[in-house]
Amino acid sequence: MSVIVLTVNGRKHRLNIDPATPLLYVLRNQLALNGPKFGCGMQQCGACMVLIDGKAQYSCTMPVSLVEKKSVITLEGLASAEDVLHPVQQSFLDEQAAQCGYCLNGMVISAVSLLNTSTHLDDLTIRKGMQHVLCRCGSQARVLRAIKRAASASDK
Amino acid sequence: MLQINNTMKTSRRNFIKSAGSLTVLFSLDHTGLLASVTAGQDPELPGILRRTPAVSAWLEVLADGSVRVFTGKVEQGQGLCGAIAQVTAEELDLKVSQVEVVIADTRRTPNEGFTGASSSTENSVLSVRYAAAAARRELMDLAAVALGVPSETLKMLDGKILQKSGGHPLSFFELLDGRKLKSEVRLPLHLKPKEQYRISGKAVPREDFKRMIIGGEMYIQDLRFPGMVHARTVSPPAYDARLLSFDETGLRKAVPVLKTIRDGSFLAVICEDEFQAVKAQRHLAQQVKWSVLQHKSTSLPVPELLKSLTVASSKVKTAPVPFPEGIPAIRSSYYKPYVMHGAIAPSCAVARYADGLLEIWTHSQGAYPLRDTISDLLKIPAAQIQVTCLRGSGCYGHNGADDAAAEAALIAMAFPGRHVRLQWSREQEHAWEPYGTAMYMELEAILEKNGRISHFRNSIWSDTHYIRGNPGYLNVAVLRDAPFERKKNPSGSGGYRNADLYYTVQNQTVTANFFNGPLRTSNLRSLGSYANLFAVESFMDELSDHAKIEPFDFRIMHLEDQRAIEVLDKLKHKVAGLPKQKNTGMGIAFCRYKNSAAYIAVAAQVKVHPSTFKITLIKLWAVIDAGEIISPDSVVNQIEGGMIQAASWTLFEKVGFEQQTVQSRTWTSYPIIRFNDVPEVEVEIISRPNEKLQGVGEIAMCVTPGAIVNAIAIACGQRIRNLPVGDQLSIKNR
């Protein structure tokens, strides 16, 4: 056990914890967050994605000790201080881009990361950028529409 | 923009309240639930209303003027709760946001069995519509008395009743003065005329979406009880492996463990912390000694192997004129492999045993059936078990949910007093869920000179599509010291669903053969229809080739039902303008689900690379007719998603196994569709408000495979008869 200081959604947390614990378990259990989800624990499905210093990363295999000096943002932390949705969340809502919604976290976090890093998002770039996130309900067509909507809104 | 602050607070309270242990609120006074109240013989009441007619079993008015609805079905991402909220809001002139929907829970919802077979809409949603209409009558009558005016002069608005001419409104809650609704649903019943609908039939954004998108509590995985402990199980390497020994001392040296539980070959471990439980599970997996029974190896290819395991046959349809032997017939056979449900979330359950009460939280498809099964399994009276269903990720049928729930219950019984959370690993979900069975189909037909099919014969081979019932269907039941026998009853209508033609062919012979295959199988979205219609609709194109009649026309000339013809006509119109491109093909398929429910026609456009034979699925179109539509966007969502999931099954999916060991254990060894391969999708609904509404959850699965392989055949001249399509084309041509 060791003391780890984590910065999640702008708040600092001091935790006495096994430093090898995957970040996902810490976020869900110690910090009681629901956004990042357990899907495979093997970096194969993307359900657990979080933003680490603005970039989408798997939290299911990431030892918590490795993110100590970094900023972690989860789905819960995307909305701005005025309680309005992030534009990507809003476009997913507008397109009703989910069925069961379990993959939604990975979809939204990955899309935000994609919009953070790419200036021009065409269909192929979006697909490539989302390739690591699985959806079993088949909501991908809607997800693509939602991301394009968010991308065109951010171009304006 | 959505204001999330208050929503979050209320959501959290509601989640804990609805999922938690506040049983005292609900347990005693819910008369409608307790038994089959003597109801009149109302043959036209939908679903279970005849035996559960009390409106209070379905609806309750809350202090803030909103209405809580109880459904015995579960939400699996199919939009059930949204549709229920819409019909309730419609009948009671509420806002959709004023309706809260509670899903299957033995403490407080009616018993509507399992959720599946695209039947929730025609049963639960309609039941709620009727119950809401009865509630409306009761509330209007109360208001008429309270205000001393005829009820015809009153109107409802957002949870209140007031005179049409204005005046002081009375809320539903005031009118009931804390009492429950007391009427029963009886025919004749005045339902709101459909031409007055302002919510039902309109695309209403899902209320639950607002909570999902901000990471609100929603799923079984989000349940957190004070003092909850974490359990993991250690699964055998194969179905029939037996646990010989494990080193508890070694385990306890490596990981702080609260308890290990061994019951026969069932092995579980409980820890305070989740990551400890994961480490304990890994430690045990490394050191446990298993026996594996040795099977005779076989060199038979899988379809032949399965046919060799046939245990029963039955005639499904016998032609008036038997299939003529000795004259040339057109014959083709098709194979569909074992396919996974492949839920994105591995199964999970929470259980607590305290003071003689076993509480279970699960994402199973049915609270009451699971309660009864666990009662049999653990030999506890059903009255001492409470099962609450919560959402999991989409399940598409019977996945590992029941298994995880039963295992959690067993573990909780051995560790009383605290909530025990069991989470399956990805590998466990892949290797231990009950799959959709492999199937083999042999089709034959004779064509008349004019191209009409005069005789049709279909012999299918299938394992069971429904394994629930006796507790022996559960993994843990057969692993324990006192095992239940797994009574696999392979027969049943699921296997030959849609094996006979909806097309007008007088002489049809259909035989269903049932094998007892090596893998555990149960219901997966659309049951046998996926494989049967893959075969039938592929065969229809093969026949149309022989008849030299274009596939649309060939199908339409064999149809009499105008609604069937209309979905095909509409689809034909949709794809008529497609430019002809090299190496590209457009294929179609049609069905009426179960030959009695909703109609769907699908077209697929496919490109096959001329040298690499890589297949690109460009686009899928669907035209559907499911009668009355309550929630159009949910329907479109189901069809879009169904087509994409079916494309994944068709192009990529096959459970790999050797003897009794499943080899597909990760998303690498069992790949499913990813973004690069997702086609464009387009759905058109033919709305028929006055026709019976039909479920749409499964219909897209049935026609997508036929459309895809027919398109491939047109694009490159090669017919795929074994699924998945995979890389068969490239292998053949190297």
Side-chain angles (χ1 to χ4, degrees), chain A residues 17-18 20-22 25-26 28-29 32-42 44-45 47 74-79 82-85 89-90 92-94 96-106 108 124 126-144, chain B residues 1-5 76-79 205-206 208-210 212-219 221-222 224 273-276 278 341-346 348 391-396 423 425-426 633 637-638 640-648 666-668 672-676 678-681:
Chain A
I17 199 166
D18 176 350
T21 309
Y25 294 133
V26 180
R28 291 195 59 88
N29 296 336
L33 293 166
N34 303 305
K37 307 249 186 313
F38 176 70
C40 68
M42 297 182 275
Q44 291 183 350
C45 75
T74 70
L75 190 62
E76 289 91 340
L78 285 181
E82 305 87 56
D83 293 337
V84 290
L85 293 180
Q89 286 173 309
Q90 186 63 46
F92 272 70
L93 179 66
D94 294 339
Q96 297 277 294
Q99 276 186 35
C100 78
Y102 199 85
C103 70
L104 204 48
N105 171 72
V108 171
L124 216 63
I126 296 173
R127 286 171 186 263
K128 221 175 127 193
M130 299 299 291
Q131 183 70 355
H132 60 279
V133 192
L134 286 177
C135 168
R136 186 55 161 169
C137 299
S139 70
Q140 290 96 335
R142 284 173 179 237
V143 169
L144 289 172
Chain B
M1 291 282 176
L2 174 73
Q3 294 291 320
I4 59 174
N5 208 10
Q76 306 164 332
Q78 81 277 40
R206 285 166 56 177
D208 56 358
F209 208 106
K210 297 172 189 164
M212 281 179 190
I213 197 72
I214 54 172
E217 283 156 324
M218 173 120 299
Y219 306 94
Q221 288 82 1
D222 303 333
R224 298 175 186 91
D273 175 79
E274 182 164 24
F275 185 49
Q276 288 170 352
V278 170
H341 297 77
I344 294 298
C348 179
R391 294 190 196 194
S393 70
C395 67
Y396 329 105
Q423 170 69 65
S425 67
R426 168 49 49 201
D633 191 56
N637 204 351
Q638 282 291 299
E640 289 180 355
M643 290 196 290
I644 291 171
Q645 188 180 81
S648 178
T666 68
W667 293 123
T668 313
I672 61 173
I673 201 164
R674 288 182 185 267
F675 272 93
N676 280 348
V678 167
E680 195 186 332
V681 288

Reported [atom1]-to-[atom2] distance for the pair [X] and [Y], which is rounded to 0.5 angstrom:
X	Y	atom1	atom2	result
B/Gln645	A/Cys135	CD	SG	9.0 Å
B/Ile344	A/Tyr102	CD1	OH	9.5 Å
A/Asp94	B/Phe209	CG	CZ	9.5 Å

Side chains of [X] and [Y] in contact at under 4.5 Å (non-hydrogen atoms):
X	Y	value
A/Asn29	B/Phe275	no
B/His341	A/Arg136	no
A/Gln99	B/Gln638	yes
B/Met218	A/Asn34	no

Report the option among [options] that has the most heavy-atom pairs separated by less than 4.5 Å from atoms of chain A.
options	value
B/Val681, B/Ile672, B/Asn676	B/Asn676
B/Gly394, B/Cys348, B/Pro679, B/Gly342	B/Gly342
B/Ile673, B/Thr668, B/Ile644	B/Ile644

Which atoms of [X] come close to chain B, meaning under 4.5 Å heavy atom to heavy atom: side chain ones, backbone ones, both, or neither?
X	answer
A/Asp18	side chain
A/Met130	both
A/Leu104	side chain

To check you understand the geometry: which heavy-atom pair defines the closest contact between [X] and [Y], and what is its length?
X	Y	value
A/Cys100	B/Gly392	CB-O, 4.5 Å
A/Ala141	B/Val678	N-CG1, 4.3 Å
A/Phe38	B/Arg426	CZ-N, 4.5 Å
A/Glu76	B/Ile214	CG-O, 3.6 Å

Interface residue of largest heavy-atom contact number with chain B, from [options], under 4.5 Å:
options	result
A/Ala97, A/Ala47, A/Pro36	A/Ala97
A/Leu134, A/Val143, A/Thr21	A/Leu134
A/Gln89, A/Gln96, A/Lys37	A/Gln96
A/Gly77, A/Cys137, A/Gly101	A/Cys137
A/Leu33, A/Val26, A/Asn105	A/Leu33
A/Met42, A/His132, A/Arg28	A/Arg28

* To do: Against chain A, label B/Asp208 side chain, backbone, both or neither, depending on which of its atoms sit under 4.5 Å from a heavy atom there.
  =>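 Neither part; nothing is under 4.5 Å.
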* To do: Measure B/Glu640 against the heavy atoms of chain A and call it side chain, backbone, both or neither at under 4.5 Å.
  => both
* Can you name the one residue among B/Met212, B/Lys210, B/Arg206 that meets side-chain contact (heavy atoms from CB on, under 4.5 Å) with A/Leu93? -> B/Lys210
